[in-house]
Structure formats: C-alpha cells, structure tokens
Amino acid sequence: MNSVPVEAGRPALSPRWRLLPDRLEADIALAGFAQVRAFVTGLMDLADALDHHPEVRFGYRQVSVTWTTHDSGGVTALDWRAAAATDRLLESVSPS
Ligand SMILES: C[C@H](O)[C@H](O)[C@H]1CNC2=NC(N)=NC(=O)C2=N1
C-alpha cells in the first residue's frame with residue numbers, strides 16, 4: 001500500500017490511507033457491526049461539523065471511506081483535515 005507522505009501543511013495520516021489523484025481513501029476492518037455502526041455514525045457527525053461529506057461503503061465488519069472535494073474535483077486541505085479527523089474517530093471507536 002502506498003501510504004501517504006507527510007508534506008508541509010498537511011496533517012500526518014495513518015498508513016491506512018491511499019492518496020489517489022482525486023481522492024483519499026481507506027479500507028478499515030472492524031471487530032463487528034456495533035463498531036461499524038459507531039464509526040459510520042461518527043462519520044456522519046463529522047460530515048455535519050465540517051459541512052464536508054465522505055463517500056462511505058460498509059458491511060458487517062468493514063468500512064471504506066473516501067474523501068474528495070466535489071466542488072474542486074480533487075483533494076483539498078479539507079479532505080486532509082477530514083481524513084485526520086477520521087483517524088481520530090477510528091481510534092475512539094476501535095483503539096489500536
Ligand atoms: C453548500 C455546501 O457547503 C457544499 O455543497 C459542500 C457540501 N459537502 C461537500 N462534501 C464534499 N465531499 N465535497 C464538497 O465539495 C462539498 N460541498
């Protein structure tokens with residue numbers, strides 16, 4: 001997996017993130033559906049707080065998250081900020 005390099009002005013992201021030309025994405029395994037529910041619910045709260053919305057796909061024990069800025073057609077600072085906040089949310093739902 002090509003983990004995302006830390007560059008000036010960008011928050012450090014966990015190695016789970018992949019930087020593609022137009023989006024940041026991560027595939028996350030969780031212990032069970034209770035954790036999936038808590039994580040996805042938290043992502044919704046985060047989206048409301050940032051007025052910035054992820055694309056989320058989830059199943060019984062996994063969640064895929066994509067951050068991109070539709071208004072810009074690519075990755076912006078808001079996506080980096082949202083991905084860093086997603087890492088913090090995940091730590092609260094499923095501490096490593
Ligand atoms: C008006 C509102 O602020 C915009 O439509 C926001 C809403 N949420 C958004 N979410 C994402 N991912 N990209 C956007 O460009 C975006 N724009």
Side-chain angles (χ1 to χ4, degrees):
M1 176 190 313
N2 57 333
S3 62
V4 181
V6 178
E7 294 182 17
R10 289 177 175 173
L13 299 181
S14 70
R16 67 173 60 88
W17 291 98
R18 297 184 298 276
L19 175 62
L20 284 86
D22 64 339
R23 64 192 185 280
L24 283 162
E25 62 181 33
D27 299 318
I28 298 154
L30 292 168
F33 200 65
Q35 289 76 17
V36 169
R37 180 192 302 275
F39 184 55
V40 172
T41 303
L43 283 171
M44 292 179 180
D45 295 339
L46 176 61
D48 285 342
L50 295 178
D51 186 28
H52 198 63
H53 302 78
E55 294 156 27
V56 181
R57 180 182 175 96
F58 67 88
Y60 176 49
R61 288 183 172 168
Q62 71 281 342
V63 182
S64 294
V65 185
T66 298
W67 288 105
T68 186
T69 301
H70 304 304
D71 295 344
S72 308
V75 178
T76 65
L78 199 44
D79 298 306
W80 288 87
R81 179 179 167 199
T86 303
D87 280 338
R88 292 192 297 274
L89 169 63
L90 183 58
E91 195 58 32
S92 71
V93 167
S94 177
S96 53

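First listed ligand is number 1; within each ligand, the first listed atom is number 1. Owing to the predicted nature of the structure, the values given are computational and were not obtained by experimental measurement.
Side-chain N or O atoms of Asp79 include one that pairs as donor or acceptor with a backbone N or O of Thr76 at under 3.5 Å. At distances below 3.5 Å, at least one donor-acceptor pair connects side-chain atoms of Thr68 with backbone N or O atoms of Gly74. Under a 3.5 Å cut-off, the side chain of Ser94 and the backbone N or O of Leu30 do not form any donor-acceptor pair. A donor-acceptor contact shorter than 3.5 Å is absent between the side chain of Asp27 and the backbone of Gln62.
With respect to atom 13 (N) of ligand 1, the closest heavy atom belonging to the protein is His70 N, 3.1 Å. Looking only at protein heavy atoms, the nearest one to atom 4 (C) of ligand 1 is Asp71 OD2, 3.9 Å. Protein heavy atom nearest atom 10 (N) of ligand 1, with residue, atom name and distance: His53 N, 2.9 Å.
Distances from atom 3 (O) of ligand 1 to the heavy atoms of Leu50, Asp51, Thr68, Asp79 show the closest one on Asp51.
Ring geometry for Trp67 versus His52: interplanar angle under 30°, hence parallel rather than tilted (30 to 60°).
Per-residue contacts place Thr69 under 4.0 angstrom from the following atoms of ligand 1 (heavy atoms of the residue considered): 13 (N), 15 (O).
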